[in-house]
Amino acid sequence: MIRTRMLTLAAVGLMGVAASTHAQPTPAEEQALPAAPTAEAPSIVEYAEPAAPAIECCPIGVVREVATLSAKKKYRCYGAPIKQVLCVDNPADCYCKHFAVPVCVPSCCTGEPVCCDSRSGLLGRGYVTYRWPCGFEATIAFRVHGGVIITYR
């Protein structure tokens with residue numbers, strides 16, 4: 001009985017010594033242990049969108065300008081026409097090349113024009129129609145062999 005009690009005390013003592021050494025590491029052991037991972041929020045990386053390249057407009061010659069009766073009336077009523085340059089893509093070709101087309105609009109037309117129609121026509125011509133907020137329209141017809149014909153409405 002004494003012998004079992006001694007074995008029991010020895011076993012409890014060894015367990016206590018083992019538990020005490022593993023519960024609190026010594027300063028030398030703390031330096032040797034790897035650092036515990038910290039719970040940091042993942043960093044968010046924002047990517048800037050690439051800037052859109054500037055559209056390069058090639059000059060093109062105006063073969064003819066035609067003004068309808070309503071366009072002539074607007075020119076008379078609102079003063080001298082103002083020259084603007086539109087950067088227009090020909091819908092009949094597949095090169096996606098833009099052309100600088102000079103147009104003359106009445107002085108009452110302020111603001112940017114809106115492209116309201118773009119189509120391919122007969123004989124390989126491309127037609128693009130622009131409309132200003134005042135109701136003035138300009139239809140640009142691209143000829144096959146170069147140049148444009150502008151019709152004002």
* Pairwise distance CG(Asp93) to CZ(Phe142) - rounded to 0.5 angstrom -> 8.0 Å

* Asked: Taking the side chain from Tyr75 and the backbone from Ser70, do they hold a donor-acceptor pair closer than 3.5 Å?
  -> no

* Step-by-step side chain to side chain contact (heavy atoms under 4.5 Å, CB included) determination, Lys97 to Cys58 -> CA-CA 8 Å; Lys97 192 173 182 182; Cys58 301; 3.3 Å; yes

* To do: Please round to the nearest 0.5 Å and tell me the distance separating atom CD of Glu56 and atom CZ of Phe99.
  => 11.5 Å

* To do: Look at the side-chain heavy atoms of Ile, Leu, Val, Met, Phe, Trp and Tyr, link any pair under 4.5 Å apart, and say whether Val62 and Leu86 land in one connected group.
  => yes

* Least distance between heavy atoms, Ser120 atom then Ala92 atom -> OG-CA, 3.5 Å

* Asked: Do Arg143 and Ile149 have side chains that get closer than 4.5 Å, going by heavy atoms?
  -> yes

* Working for side chain to side chain donor-acceptor pair (under 3.5 Å), residues Glu137 and Tyr130 -> CA-CA 6 Å; Glu137 286 186 3; Tyr130 281 92; over 6 Å; no

* Structure fact -> Of all heavy-atom pairs linking Phe136 and Cys109, the shortest is CB-SG, 3.5 Å

* Applying side chain to side chain donor-acceptor pair (under 3.5 Å), run through Arg153 and Thr139 and close with a yes or a no. => CA-CA 8 Å; Arg153 293 191 181 99; Thr139 301; 2.9 Å; yes

* Asked: What are the two closest non-hydrogen atoms of Ile55 and Cys87, and how far apart are they?
  -> CG2-SG, 3.8 Å

* Asked: Does any N or O in the side chain of Ser118 come within less than 3.5 Å of the main-chain N or O of Val128, such that one atom is a donor and the other an acceptor?
  -> no

* **Nearest-0.5 Å distance, CZ of residue Arg131 to SG of residue Cys116** => 4.0 Å

* Mind checking the OG1-CZ spacing from Thr129 to Arg119? Nearest 0.5 Å is all I need. => 6.5 Å

* Asked: Distance-only, no hydrogens or angles: does the Tyr127 side chain make a donor-acceptor pair with backbone N or O of Asp117 under 3.5 Å?
  -> no

* Structure fact -> Shortest non-hydrogen pair, Cys104 vs Tyr152, comes out as N-OH, 3.1 Å

* Taking every non-hydrogen atom, the tightest pair across Pro102 and Ala100 -> CD-O, 3.7 Å

* To do: Using a 4.5 Å cut-off on heavy atoms from C-beta on, say whether the side chain of Val105 contacts that of Trp132.
  => yes

* To do: Compare all side-chain heavy atoms of Pro91 with those of Asp89 and state whether any distance is below 4.5 angstrom.
  => no

* Asked: Which heavy atom in Val101 sits nearest to a heavy atom in Val148, and how many Å separate them?
  -> CG1-CG2, 4.2 Å

* Structure fact -> dist Lys72:NZ -> Thr68:OG1 (nearest 0.5 Å) comes out at 8.5 Å

